[in-house]
Amino acid sequence: NVEIYIGKNDSGNKWFRLRTKYTDSDWMFYKKVELLGDNGIQIIIYPDYPEKKTENDSYGVTEWSDNNVDANDIVKLNDSKIIKFRFDGQYTYTYKMSKNQRKAFAEIVERYKTL
């Protein structure tokens, strides 16, 4: 699960944050998350404590993090037709954004531009 969101503080500074979450029966131990655009843009995030949290309970394993992301890179990434996310750690998992996810991503970036 990958979610991008925006904000603006009282002084007018805008920002992007990326929330990543992995849930399964086994650990992923992800050490980095990559956002890969077909236009050559690559954004690498190294989630670490205190931003990254882990939990192991009767429902399985959950690893999650909430990190700042460079706004200029996100705007450039939005020019891609295809965006992939890669969780990389003990194991690697890559997936391509669906059409609906891609549309939502573009809407968030456009909203960011109007703040």
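In this chain, residues are counted from 1 in sequence order. As the structure is a prediction and not an experimental result, all values here were calculated from the model.
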Neighbour count above 12 (heavy atom, 6.0 Å) for Y91 OH: no
With a cut-off of 6.0 Å (strictly less than), are more than 12 heavy atoms of other residues, nucleotides or ligands near NZ of K96? no
So which atom in E63 and which in F29 form the shortest heavy-atom distance, rounded to 0.1 Å? OE2-N, 2.8 Å
Sorted by first residue and then second, give each ring pair (Phe, Tyr, Trp, His ring centres under 6.0 Å) pair with at least one member in residues 35-73; sequence neighbours left out. none
If Ile, Leu, Val, Met, Phe, Trp and Tyr residues are connected whenever their side-chain heavy atoms lie under 4.5 Å apart, and connections chain through other members, are V33 and W15 in the same group? no
Residues passing the salt bridge (Lys or Arg N to Asp or Glu O under 4.0 Å) test with K53, sequence neighbours excluded, are none
Considering all heavy atoms, the nearest K31-P47 contact: O-CD, 3.5 Å
Does R17 use its side chain to pair, donor to acceptor, with the backbone of V69 at less than 3.5 Å? no
Closest contact, heavy atoms only, Q101 versus Y95: OE1-CE1, 4.2 Å
I83 vs F105, test: side chain to side chain contact (heavy atoms under 4.5 Å, CB included). Steps then yes/no. CA-CA 10 Å; I83 299 175; F105 185 90; 3.8 Å; yes
Looking at L115 and K8, what are the two nearest heavy atoms and their distance? C-NZ, 3.7 Å
Less than 3.5 Å apart, which donor and acceptor atoms pair up between the side chains of residues 70-81 and the rest of the protein, not counting sequence neighbours?
from, atom 1, to, atom 2, distance (Å)
D70, OD1, N72, N, 3.0
D70, OD1, D73, N, 2.9
N78, OD1, R102, NH1, 3.0
N78, OD1, R102, NH2, 3.3
S80, OG, N39, OD1, 2.6
S80, OG, N39, ND2, 3.4
S80, OG, L77, O, 3.1

Quick one: are V61 and T54 in side-chain contact, heavy atoms under 4.5 Å? no
Working to the nearest 0.5 Å, report the span between OG1 of T94 and CG of D88. 8.0 Å
Can you run down the salt bridge (Lys or Arg N to Asp or Glu O under 4.0 Å) pairs that involve residues 38-47, sequence neighbours left out, and say none if there aren't any? none
Side chains of Y30 and T20: any donor to acceptor distance under 3.5 Å? yes
Assess whether atom NZ of K84 is packed by more than 12 heavy atoms of other residues, nucleotides or ligands within 6.0 Å. no
List for me each residue that meets salt bridge (Lys or Arg N to Asp or Glu O under 4.0 Å) alongside E55, sequence neighbours excluded, and say none if there are none. none
Atom pair OG1 (T92) and CD (E34), whose distance is rounded to the nearest 0.5 Å: 8.5 Å
Any cation-pi pair here, K14 with Y112, using under 6.0 Å and within 45°? yes
Does the plane of the ring in F87 sit parallel, tilted or perpendicular to the ring in Y93? Use 30° and 60° as the thresholds. tilted
Please enumerate all residues that pass salt bridge (Lys or Arg N to Asp or Glu O under 4.0 Å) together with E107, with sequence neighbours excluded. none
Is any side-chain heavy atom of I44 less than 4.5 Å from a side-chain heavy atom of L35? no
Euclidean distance, K32 NZ relative to I43 CD1, rounded to 0.5 Å: 13.5 Å
Distance in Å, I4 CD1 paired with F16 CZ, rounded so as to fall on 0.5 Å steps: 5.0 Å
May I ask whether V2 and I41 are part of the same hydrophobic cluster, defined by side-chain heavy atoms of I, L, V, M, F, W, Y residues being less than 4.5 angstrom apart, directly or through others? yes
To the nearest 0.5 Å, what is the distance between CG on L36 and CD1 on I82? 11.5 Å
Go through the side-chain N and O atoms of N100 and S98 and say whether any donor and acceptor fall under 3.5 Å apart. no
Hey, could you give me the CG/CD distance between N67 and E51, rounded to the nearest 0.5 Å? 5.5 Å
